[in-house]
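These notes concern the structure reproduced below.
Throughout, a chain's letter reflects where its sequence line sits, starting with A, and its residues are numbered from 1.
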Amino acid sequence: MEKKAIKNKVDKKAKKALNLNVKQDNQTDLFCANIPNISKGGKNMDTNKRLTSRAKDYSQWYLDVIAAADLADNSPVRGCMVIKPNGYAIWEKMQSILDAMFKATGVENAYFPLFIPVSFLSREAEHVEGFATECAVVTHHRLEKDSSGKLVPTGKLEEPLIVRPTSETIMYEMYAKWINSYRDLPLLLNQWANMVRWEMRTRPFLRTTEFLWQEGHTAHATREEADARARQMLEVYRVFAEEYLAMPVIKGQKSESEKFAGAVHSYTIEALMQDGKALQSGTSHFLGQNFSRPFKVKFLDQSGEEQFVWQTSWGVSTRLIGGLIMTHSDDKGLVIPPKLAPTPVVIIPIWASAEEHKKVLPVVEKLAGEIRGLGYAAQIDDRDLRPGPKFFEWEKKGVPIRIEIGSKDLVKQSVVMVRRDTGEKQEVGITGAAAFVKTLLDRIQADLFAKALKFRDENIREVETYEEFKQVLQEKGGFLSAPWCLNPACEARIKEETKATTRCIPFDQRKETGKCVICGGKSEGRALFAKAY
RNA sequence: CGGGGUGUGGCCUAGUUGGCUUAGGGCGUCUGGUUUGGGACCAGAAGAUCCUGGGUUCGAAUCCCAGCACCCCGACCA
């Protein structure tokens, strides 16, 4: 016993020494030069103000960006996060843009229940298998105090309810009621909702137990029409990802093993993050009649014959915020593409005295008004803080353009404009400033996409042999484009041995016959492999 | 669900051979003042069931037992 105690002590001591070393390393790494003398009266550098660099620890950097930009906070509930106003504003922006895009294709919004009878899930065999292991289950509907005063569930439900992990089943139960004739088709509905999937390992925005998304569910008279709709919505996602998020994506089809549980085909847009890992950013599924048969979603066609409908479902989630962060942000913090920035421009008045403040502020307000007149939500930061901390704050929050106006500028009749993405600073005449904001925002949007595209393209590598595959994956990461025979066994082996998965079989690729990178069997084209989030 | 680890204010932590602890410090936060073109300074303040329960003891953050939570590595995944 004594021995054990001593051993513990030694372990602890050793661990502490280790921790100390690590910490010292961190400090030297983080602060390089300009380290204020730590020993002198309370002059400690504030470690929380600088983010972990991407090179040092990419996952920590990701968490730091979220904290620094005040996007989200951990919640007391395991695996669930609180989306704070700064983060939610981005989601609202995404919602409003996507919602308009959906509606432009004829889709209407509706809302279906959070709870689904557990029996619904099991009507489609693959579907239940795909989701059964990650369902939150409601079994009781009441709490009562037990003898010790603790609240315990009572009132057992006849049939347990699951909290929706996706809504195919509950929606199609209703569709069966609503669809009777070919005249009721196509039915094109979407809902904005929260979902629960009981994940083992979670990361803010990328994978949380509860998440927000939209799910579109359509029903059609023919296979061709449904498949075309699935592809059409994937294209909507591509446009949104590339033109708004400035995040280049590759459209393609999921392999049999990676497709949605219950789908005939799953289509996907895949993006590449700065650390060389792929992010599945949106999916659209051709469901065939896999659900319409068990849920009896039938209609009478023009010749009076009874038919099952052909269906699609498609969705994107708050995961896109994770994609946005990891596509553009840097070691200084978040970078938001202008089209998604809740605040695209911040104006910071600079003054040294009350009189200066009085002179500067009207100029600031006038410019803000002009910029707002052009449709951009310019914000004025007139807080009584020194300019430096304000600059850093807006930088961390990813605001695309910062404008500084002080008395020096009044003399020159100009303003200082700073790009968040490049850090580039320039003086702009005050009369043309508002117009230039528009020009500059458009340029930033385009540059962000171009930069991400360049990175993405530089990180797609064609490999022909498994040796090459493993080597490139380990040394460089990114997307690997490799010939594949479509055999799930080859795919499984790659996953097992390298952790890389098939991301998709890109739509857009040249015709070629080759040899499967694993088995050497005949391949008709290439699949894209990567380690993924 | 397997393997490993950790529990002290929001965060990082000191203390852990039981008493010098009324639990100390740093960061952050808040207030007032001085400041104001890149993370400033001064003064003050708030904030802790030392994970929980039980036990040993005159005395427990510290020792013992049980439980819980969280983290990491696997399996799973938008």
Side-chain angles (χ1 to χ4, degrees), chain A residues 1-2 4-6 8-9 11-13 15-16 19-20 22-23 26-27 31 34 36 38-39 41-50 59 67-68 73-74 76 78-79 129-134 165-166 195-203 205-215 237 254 258 260-261 266 268-270 279-285 314-323 332 348-354 356-357 360 382-396 402 404-409 415-416 418 423 425 427 495-496 499 501 532-533:
Chain A
M1 210 150 139
E2 216 173 69
K4 198 183 159 194
I6 288 165
N8 276 343
K9 196 136 292 166
D11 282 355
K12 276 185 181 170
K13 285 256 161 76
K15 203 160 289 158
K16 252 171 215 170
N19 280 342
L20 247 149
V22 168
K23 214 148 268 168
N26 281 355
Q27 285 182 344
F31 303 137
N34 299 328
I38 290 174
S39 63
K43 277 240 179 188
N44 288 9
M45 178 63 122
D46 173 13
T47 53
N48 293 333
K49 282 184 178 168
R50 207 158 297 201
S59 322
D73 203 351
N74 287 323
R78 181 203 151 83
E129 214 170 290
F131 289 104
T133 56
E134 50 188 61
T166 179
M195 297 290 132
V196 169
R197 294 183 190 173
W198 213 265
E199 302 287 354
M200 289 297 122
R201 299 185 57 199
T202 60
R203 315 181 74 184
F205 295 112
L206 294 175
R207 180 172 303 107
T208 47
T209 301
E210 180 188 8
F211 59 96
L212 306 182
W213 80 350
Q214 62 63 220
E215 51 180 327
Y237 291 155
K254 284 286 181 191
E258 293 281 332
F260 175 75
S266 285
T268 179
I269 50 171
E270 297 284 327
L279 185 73
Q280 177 174 309
S281 306
T283 47
S284 182
H285 314 288
W314 28 276
V316 294
S317 73
T318 36
R319 168 176 257 204
L320 286 177
I321 295 174
K332 292 188 284 188
I348 299 178
I350 294 162
W351 68 92
S353 65
E356 266 187 47
H357 184 240
V360 168
D382 192 33
R383 289 175 301 172
D384 188 17
L385 292 171
R386 292 155 55 91
K390 290 187 190 176
F391 297 166
F392 282 109
E393 179 175 333
W394 294 109
E395 217 157 65
K396 284 189 294 191
R402 177 177 84 234
E404 305 166 15
I405 306 181
S407 42
K408 284 186 213 165
D409 304 292
V415 303
V416 174
V418 187
K425 235 180 217 197
E427 280 186 25
K495 187 175 179 181
E496 167 88 27
K499 305 251 160 50
T501 52
Y533 278 98

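Within 6.0 Å of CH2 in W198(A) there are 12 or fewer heavy atoms belonging to other residues, nucleotides or ligands.
The side chain of K425(A) approaches G38(B) more closely than any other nucleotide in the set C76(B), G38(B), A78(B). Closest to the side chain of D384(A), from the set A40(B), U35(B), G38(B), is U35(B). Which of G38(B), A78(B), C76(B) sits closest to the side chain of E134(A) comes down to C76(B). Here the side chain of I350(A) is nearest to one of G37(B), G39(B), A75(B), namely G37(B). Side-chain proximity of T208(A) to U36(B), A75(B), A78(B): nearest is A78(B). When each of C76(B), G37(B), G38(B) is scored by its nearest atom to the side-chain atoms of E199(A), the top-ranked nucleotide is C76(B).
At whole-Å resolution of the value, NZ in K495(A) and P in G74(B) are 13 Å apart. Atom-to-atom, CH2 of W198(A) to P of C1(B) comes out at 13 Å; the value is rounded to the nearest Å. Taking atom CD on Q214(A) and atom P on A78(B), their separation rounds to 15 Å, with Å as the unit. The nearest whole Å value for the distance from the CG atom in L206(A) to the P atom in C76(B) is 19 Å. Spacing between atom NZ of K408(A) and atom C1' of G38(B) amounts to 12 Å, rounded to whole angstrom units. Taking atom CZ of R383(A) as the reference point, atom P of G38(B) lies 16 Å away to the nearest angstrom. Look at CD on E395(A): it is 8 Å from C1' on G38(B), rounded to the nearest Å. Between the NE2 atom of H357(A) and the P atom of U36(B) there is a distance of 14 Å, given to the nearest Å.
Electrostatic pairing of K408(A) and E356(A) does not count as a salt bridge here, judged by no charged N lying under 4.0 Å from a carboxylate O.
Across every non-hydrogen atom of T501(A) and A532(A), the tightest pair is OG1-CB, 4.3 Å.
E199(A) meets the side-chain hydrogen bond (donor to acceptor under 3.5 Å, both in side chains) test with no other residue; sequence neighbours excluded.
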Distances for protein N/O vs nucleotides 69-73 of chain B N/O pairs under 3.5 angstrom?
unit_1, atom_1, unit_2, atom_2, d
C73(B), OP2, R201(A), NH1, 3.4
C73(B), OP2, R201(A), NH2, 2.3

Exercise for review: Any chance you could encode RNA chain B as dot-bracket? Rule is Watson-Crick or G-U wobble with both distances under 3.5 Å; [ ] for pairs crossing earlier ones, | for another strand.
Suggested key: (((((((..((((.....[....)))).((((((.....)))))).....(((((..]....))))))))))))....

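For the pair R319(A) and F211(A), the cation-pi criterion (under 6.0 Å, within 45° of the ring axis) is not fulfilled.
With contacts defined as side-chain heavy-atom distances shorter than 4.5 Å, the pair P349(A)/V360(A) qualifies.
Applying the 3.5 Å distance criterion, the base of G39(B) shares no donor-acceptor pair with the side chain of E393(A).
Side-chain N or O atoms of T318(A) include one that pairs as donor or acceptor with a backbone N or O of L212(A) at under 3.5 Å. Formation of a donor-acceptor pair under 3.5 Å by the K390(A) side chain with backbone atoms of R383(A) is found in this model. A donor-acceptor pair is defined here as one N or O able to donate and one able to accept, closer than 3.5 Å; such a pair exists between the side chain of R197(A) and the backbone of P165(A).
Comparing V416(A) and Y533(A) along RNA chain B, the residue whose closest nucleotide (by nearest heavy atom) sits nearer the 5' end is V416(A). Taking for each of W213(A) and V418(A) the nucleotide of RNA chain B with the nearest heavy atom, the 5'-most of the two is the partner of V418(A).
No contact: T209(A) has no heavy atom under 4.0 Å from any strand.
You can call F392(A) stacked on the base of G39(B); the centres are under 5.5 Å apart and the planes sit within 30°.
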